[in-house]
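Structure record follows, encoded as structure tokens.
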Number of protein chains: 2
Amino acid sequence: MNPEKTEEIEFDQPCPIRDVLDRIGDQWSLLVLEALGRKTMRFNELGREIDDISRQMLSRTLRRLEEDGFISRAIFAEVPPRVEYTLTALGRSFLGPLHILTQWADENHGAICKSRKLARLAQSD
Amino acid sequence: MNPEKTEEIEFDQPCPIRDVLDRIGDQWSLLVLEALGRKTMRFNELGREIDDISRQMLSRTLRRLEEDGFISRAIFAEVPPRVEYTLTALGRSFLGPLHILTQWADENHGAICKSRKLARLAQSD
DNA sequence: AAAGACTGGTCTATCTTGTAGACCAATGGA
DNA sequence: TCCATTGGTCTACAAGATAGACCAGTCTTT
């Protein structure tokens with residue numbers, strides 16, 4: 001929006017919220033966290049749980065969540081290999097806010113769908 | 001992940017959470033909602049507030065949020081044109097969950113950055 | 001014994017999404 | 001007169017996501 005402004009201002013840490021939301025709000029992270037909130041899971045198990053995530057995105061998402069300290073990765077020297085993903089304390093502490101969010105989503109999903117349909121109708125006139 | 005499965009299962013409304021998060025968790029929506037939570041704003045004002053959003057994405061995000069019933073759009077027949085965006089009741093009801101989320105982000109941002117730095121260090125070995 | 005499926009990923013080619021920047025038409029200010 | 005402002009849209013390009021092949025070793029089924 002303001003190309004000159006970014007040069008003027010030092011943009012190290014915009015605001016915590018931005019930084020966190022950028023990572024969390026990426027289509028898959030919340031889903032992965034919610035799934036791992038239910039139980040520790042292995043890679044393919046998680047893939048089946050979320051179902052329509054590609055292996056690559058699952059891999060990337062897990063790696064980022066691990067980097068950010070939300071989850072931990074345990075590799076077992078077995079054959080076939082076993083890799084388990086578990087929420088860390090930080091990850092678990094996020095379940096509260098996430099639960100409130102999903103609860104809101106659950107309660108208001110109907111209203112959103114309704115609004116969406118009305119908008120479609122209005123558009124088609 | 002499971003290409004065959006999507007044919008078997010009717011995928012009308014996966015789950016409310018998925019549906020809502022897909023819309024909300026898109027880089028900009030939460031930012032726009034948070035900004036409009038502070039006060040009603042006009043298009044360019046909002047653009048300046050968020051600063052690094054492109055006009056196109058701002059436009060699209062606003063349109064989607066309006067469609068989903070989070071915000072309302074008021075056009076004033078003035079010159080230069082004036083368009084104001086305001087949260088609806090639904091939008092305002094979302095501020096609670098959003099606030100809890102941003103509060104968590106605020107409190108845990110430090111831990112996340114720390115974890116991120118450690119990960120970078122471990123990687124460079 | 002051979003074929004297939006499972007493990008946890010990575011790689012590449014393609015498709016979709018996002019961004020930057022030009023552009024619009026009318027008006028106010030310097 | 002020249003530039004900024006209003007709320008956008010359009011287009012060309014860059015970045016991100018996806019599908020699908022592939023790997024090497026083991027276990028199960030036929």
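Numbers restart at 1 for each chain; the letters A, B, ... are given by sequence-line order, proteins then strands. All values below were derived from every heavy atom in this structure, side-chain atoms included, with hydrogens, water molecules and symmetry-related copies excluded. All values derive from a computational prediction rather than experimental measurement.
Note: CG (A:Asp52) to P (D:dT18) measures 8 Å, nearest angstrom. If you take CZ of B:Arg23 and P of C:dT17, they are 12 Å apart, rounded to a whole angstrom. Rounded to whole Å, atom P of D:dG7 lies 15 Å from atom CD of B:Glu66. Atoms CE (A:Met57) and C1' (D:dA15) sit 12 Å apart, rounded to a whole Å. The separation between A:Asp26 atom CG and C:dT17 atom P is 16 Å, rounded to whole Å. As rounded to whole Å, 17 Å separates atom P of D:dG16 from atom CD1 of A:Ile53.
Scanning all heavy atoms of the two residues, the minimum distance from A:Gly37 to A:Leu87 falls at CA-CD1, 3.6 Å. A:Arg18 approaches B:Ile50 most closely through the heavy-atom pair NH1-O, 3.7 Å.
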Can you give one letter per nucleotide of nucleotides 5-11 of chain C, going 5' to 3': B for a protein heavy atom under 4.0 Å from the base, S for sugar-phosphate only, - for none?
-> --BBBSB
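Between A:Trp28 and D:dG16 there is no side-chain polar atom (N or O) within less than 4.0 angstrom of OP1 or OP2.
Counted by atom type alone, B:Arg55 and B:Ser59 present zero donor-acceptor pairs between their side chains at under 3.5 Å.
Using modelled atom types, no side-chain atom of A:Ser29 and backbone atom of A:Asp26 make a donor-acceptor pair closer than 3.5 Å.
When side chains are defined from C-beta on, B:Ile17 does not count as touching A:Leu30, because their heavy atoms never get closer than 4.5 Å.
With sequence neighbours excluded, the residues that form a side chain to side chain contact (heavy atoms under 4.5 Å, CB included) with A:Arg73 are A:Glu66, A:Ile75, A:Val83, A:Tyr85.
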